[in-house]
Colleague: 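Would you mind keeping the following structure in view while I ask a few things?
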Protein chains: 2
Amino acid sequence: MKNRGRSGVTLADVAREAGVSAMTVSRALRNPDRVSARSRDAIQAVIERLGYVPDPAARALAAGRTNVIGVIVPSVTNNVFADVMRGIYDAAEGTPWQVQLGNSRYSPIAEEDLVRTFLSQKPAGLIISGIDQSEATAGLLRSAPCRIVQIMETGPDPFDMMVGFSHREAAGAATRHLLDAGYRRIGFLGARLDPRTQRRLEGFRVCLSPAGLLDEARIVTTPQPSSVTLGGHLMADLLSTAPDTDAVFCNNDDLAVGALFECQRRRIAVPGQMGICGFNDLEMMAAAHPSITSVLTFRHEMGRQAMSLLGAALRGEETSQPVVDLGFEVVPRATTDRTLQPGRAEGGGVRARAP
Amino acid sequence: MKNRGRSGVTLADVAREAGVSAMTVSRALRNPDRVSARSRDAIQAVIERLGYVPDPAARALAAGRTNVIGVIVPSVTNNVFADVMRGIYDAAEGTPWQVQLGNSRYSPIAEEDLVRTFLSQKPAGLIISGIDQSEATAGLLRSAPCRIVQIMETGPDPFDMMVGFSHREAAGAATRHLLDAGYRRIGFLGARLDPRTQRRLEGFRVCLSPAGLLDEARIVTTPQPSSVTLGGHLMADLLSTAPDTDAVFCNNDDLAVGALFECQRRRIAVPGQMGICGFNDLEMMAAAHPSITSVLTFRHEMGRQAMSLLGAALRGEETSQPVVDLGFEVVPRATTDRTLQPGRAEGGGVRARAP
DNA sequence: TTGTAAGCGTTATCAT
DNA sequence: ATGATAACGCTTACAA
């Protein structure tokens with residue numbers, strides 16, 4: 001098999017130059033304190049001189065495991081997951097764990113393939129979004145020889161660990177906020193009905209139904225992926241179906257922003273004639289004019305904690321609490337504050353802040 | 001070393017069950033047509049029955065290469081890179097290439113580490129953002145034993161291939177658009193001065209300078225990462241420094257949206273008293289009220305082409321054109337259209353579209 | 001503290 | 001078309 005023209009400096013090269021055996025170099029790399037200071041220094045010098053970098057494939061093959069943490073999210077474009085990913089990367093920094101990202105594109109089949117691919121790499125851990133895995137995927141995960149964290153949601157029967165919150169309750173709280181603000185004919189705008197969206201819709205229904213205020217005609221959804229433009233369209237649909245609607249809970253912030261712009265275009269006063277509440281509380285919501293009420297979710301923290309929990313578990317520090325509920329927070333702002341002095345009709349907004 | 005309790009079914013297991021040698025199974029997996037139909041079918045059946053999945057580490061070690069495409073971006077939160085990543089994933093779908101993401105967080109040192117880590121994995125290719133690698137990184141890349149695509153920008157001396165556009169020209173065109181629209185006291189709002197931002201600022205200067213309209217006092221920048229909120233703050237700063245400014249070129253769309261909201265808050269008529277132009281043309285820009293002028297960049301296409309180019313090169317299809325300039329497109333909208341009938345002062349906008 | 005031997009699961013090479 | 005054999009670069013297990 002000879003030399004196939006590989007560039008690499010190997011452990012053996014380093015060992016030879018440093019006048020020790022390969023095993024000592026291997027140890028110096030992973031448990032520096034189990035090697036004499038003298039060897040350690042000599043080895044370190046040679047490594048730098050030769051520019052040695054360990055071959056992860058050889059390592060994985062010999063050790064039967066890797067320091068890879070597989071992360072499976074349904075979207076890489078979505079702001080929400082971008083924040084979660086950043087939290088994961090932040091927590092992984094300075095640790096030996098190497099994050100590897102997989103994008104399931106909201107497809108259960110792609111998700112199953114990803115899990116299979118990740119498992120074939122003998123990962124140290126897996127972080128997977130949601131609690132709605134297919135039966136096949138669930139089977140793989142249940143018998144997986146690594147630690148697993150489910151994120152984004154809490155629910156019963158975790159495979160292992162969980163970091164999330166209740167979307168049902170969060171949506172319920174948002175809807176209650178609209179009720180408390182005095183709105184009565186409340187609509188729901190939703191895009192891409194993934195399982196979390198559906199549970200939010202459920203929370204919406206459960207909040208309005210007992211009060212006799214649930215009107216299915218005010219629920220407007222579409223399978224299309226969400227966008228600001230779509231928020232405008234959904235608002236337009238809602239207004240043509242149920243023109244007397246006086247507030248909307250938007251299933252995410254993009255839709256809420258689009259709904260606000262649509263109101264401004266139509267000279268509908270917000271919050272006077274129409275209340276608007278979003279979901280996630282992206283940075284933009286506070287900066288908008290009028291500022292937009294939303295439900296703050298702790299996305300970055302979710303990623304951070306998922307990774308930290310995994311790290312702790314892998315270090316053998318068993319957590320007493322395998323399911324972490326991060327909660328949420330309704331953030332009331334101008335778009336649902338009827339006590340604000342309404343702007344002129346065509347302004348479509350109020351002054352929420354001094355200039 | 002015995003059995004360490006690994007879960008895996010191996011090639012040898014499949015070979016034994018199928019009554020052939022390991023090599024035949026290996027061949028059947030990678031070059032099905034170099035194996036008799038009989039063996040092929042028998043092997044396929046056993047693979048499915050046993051649930052065999054190849055071990056990528058063993059494969060990498062034996063073959064000396066992998067089907068990994070390393071992708072290095074400076075941010076995973078930024079919409080722009082999210083779109084590029086989606087393009088890459090889209091183009092990788094259905095190919096044997098496995099995309100692996102690295103986040104350099106705008107740090108040249110982190111970037112160098114990532115390159116080193118990726119190279120240690122013997123990747124089939126590397127996609128790296130920008131043309132401003134450190135000398136150390138450049139050295140690694142020049143002697144890398146794999147194909148390389150630089151994305152986001154075009155420039156001289158590609159390591160190998162390149163897919164991008166000229167940020168300098170794009171910013172110049174945007175500034176020219178503001179001039180053509182009749183604005184004369186034009187400002188620049190910029191956050192995080194990465195190399196691309198700086199080249200955009202350069203394009204801005206080069207456009208205004210010959211006309212004698214460049215006023216450094218109207219250039220407001222900050223090292224902070226960009227956000228909608230920050231766009232408002234920068235606009236506020238600009239107005240206190242140079243209150244007679246009549247238009248701004250914002251270095252990205254978030255800033256532009258924030259600037260627009262700030263104008264609305266202050267009852268500054270847009271586009272009447274203040275023209276606003278963003279950069280990238282995110283989906284939101286068209287949906288805003290008033291709709292916001294921006295410079296469309298082909299982010300998804302950039303990722304798609306980078307990956308396709310790489311795929312073609314790896315298949316041995318040499319491209320005649322190793323540097324692809326995707327260009328850009330100034331998209332004029334309401335925020336720079338002075339011919340529109342101005343809304344009332346406090347409206348801060350115009351009706352860009354019928355309801 | 002250090003070294004020796006064996007093998008991890010796959011593919012390249014060369015025969016047959 | 002198929003197979004025997006020798007690596008690939010590293011780590012586990014055990015011995016010194």
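Order of the sequence lines sets the chain letters (A, B, ...), proteins ahead of strands, with each chain counted from 1.
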Colleague: To the nearest Å, give me how far apart CZ (B:Arg59) and P (D:dG9) are.
Modeller: 19 Å

Colleague: Is B:Thr10 near enough to C:dG9 that one of its side-chain N or O atoms lies under 4.0 angstrom from OP1 or OP2?
Modeller: no

Colleague: Under a 3.5 Å distance rule, please check whether A:Ser129 uses its side chain to pair with a backbone N or O of A:Ile72 as donor and acceptor.
Modeller: yes

Colleague: Rounded to the nearest angstrom, tell me the gap between atom CG in B:Leu29 and atom C1' in C:dT10.
Modeller: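 In whole Å, C:dT10 C1' and B:Leu29 CG are 11 Å from each other.
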
Colleague: To the nearest Å, give me how far apart CZ (A:Arg16) and C1' (C:dG3) are.
Modeller: 16 Å

Colleague: Measure NZ/A:Lys122 against C1'/C:dT10 and give the value in whole Å, please.
Modeller: 12 Å

Colleague: Against the six-membered ring of B:Tyr106, is B:Arg192 placed for a cation-pi contact (under 6.0 Å from the centre, within 45° of the normal)?
Modeller: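 Yes.
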
Colleague: Looking only at the side chains, is there a donor atom on one of B:Gln121 and B:Gln100 sitting less than 3.5 Å from an acceptor on the other?
Modeller: yes

Colleague: Which residue pairs satisfy the salt bridge (charged side-chain N to carboxylate O under 4.0 Å, His left out) criterion with at least one member in residues 297-319 of chain A, sequence neighbours excluded?
Modeller: A:Asp83-A:Arg299, A:Arg147-A:Glu318, A:Glu301-A:Arg304, A:Arg315-A:Glu317

Colleague: Do any side-chain nitrogens or oxygens of B:Ser36 fall under 4.0 Å of OP1 or OP2 in D:dT2?
Modeller: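 Affirmative; the distance criterion is met.
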
Colleague: Picking from D:dG3, D:dT12, D:dG9, which would you name as closest to the side chain of A:Met23?
Modeller: D:dT12

Colleague: Map A:Leu11 and A:Arg27 onto DNA chain D by nearest heavy atom, then report which one ends up closer to the 5' terminus.
Modeller: A:Leu11

Colleague: Can you check whether B:Arg34 has a side-chain N or O nearer than 4.0 Å to OP1 or OP2 of D:dA1?
Modeller: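 So the side chain of B:Arg34 is outside the cut-off, no N or O lying under 4.0 Å from OP1 or OP2 of D:dA1.
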
Colleague: Write down the distance between CG (A:Asp55) and P (D:dT11), rounded to a whole number of angstrom.
Modeller: 10 Å

Colleague: Would one find a side-chain N or O of A:Arg30 under 4.0 angstrom from OP1 or OP2 of D:dT12?
Modeller: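 It does, given that an N or O in the side chain of A:Arg30 lies less than 4.0 Å from OP1 or OP2 of D:dT12.
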
Colleague: Would you mind telling me which of C:dT2, D:dT11, D:dT2 lies closest to the side-chain atoms of A:Ser26?
Modeller: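 For A:Ser26, the side-chain atoms sit closest to D:dT11.
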
Colleague: Output yes when B:Asp160 and B:Arg142 qualify as a salt bridge under the 4.0 Å nitrogen-oxygen rule, no when they do not.
Modeller: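 Salt bridge: no.
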
Colleague: Compute the angle between the rotation axes at the two ends of the helix from C:dT1-D:dA16 to C:dT16-D:dA1, each taken over five pairs, rounded to 10 degrees.
Modeller: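 Result, rounded to 10 degrees: 20°.
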
Colleague: Considering every strand and a 4.0 Å limit on heavy-atom distances, what is the contact class for A:Arg65: base, sugar-phosphate, or nothing?
Modeller: sugar-phosphate

Colleague: Whole Å only: how far is the CG atom of B:Leu61 from the P atom of C:dC8?
Modeller: 13 Å

Colleague: Are there over 12 heavy-atom neighbours, none belonging to B:Arg34, within less than 6.0 Å of that residue's CZ?
Modeller: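 At most 12 heavy atoms, drawn from other residues, nucleotides or ligands, come within 6.0 Å of this atom.
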
Colleague: Counting side-chain heavy atoms from CB outward, which of C:dT13, C:dG3, D:dC10 is closest to A:Ala62?
Modeller: D:dC10

Colleague: Looking at A:Thr24, does any N or O in its side chain come under 4.0 Å of the phosphate oxygens OP1/OP2 on C:dG3?
Modeller: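 Yes, because at least one side-chain N or O of A:Thr24 sits under 4.0 Å from OP1 or OP2 of C:dG3.
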
Colleague: Write down the distance between CG (A:Asn31) and C1' (D:dT12), rounded to a whole number of angstrom.
Modeller: 13 Å

Colleague: What integer distance in Å separates B:Tyr52:OH from C:dT10:P?
Modeller: 3 Å

Colleague: For B:Arg105, does the CZ atom sit with more than 12 other heavy atoms under 6.0 Å from it, leaving out its own atoms?
Modeller: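 Atom CZ in B:Arg105 is crowded, with more than 12 foreign heavy atoms closer than 6.0 Å.
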
Colleague: For B:Ile109, does the CD1 atom sit with more than 12 other heavy atoms under 6.0 Å from it, leaving out its own atoms?
Modeller: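 No, CD1 of B:Ile109 has 12 or fewer neighbouring heavy atoms, counting only those of other groups under 6.0 Å.
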
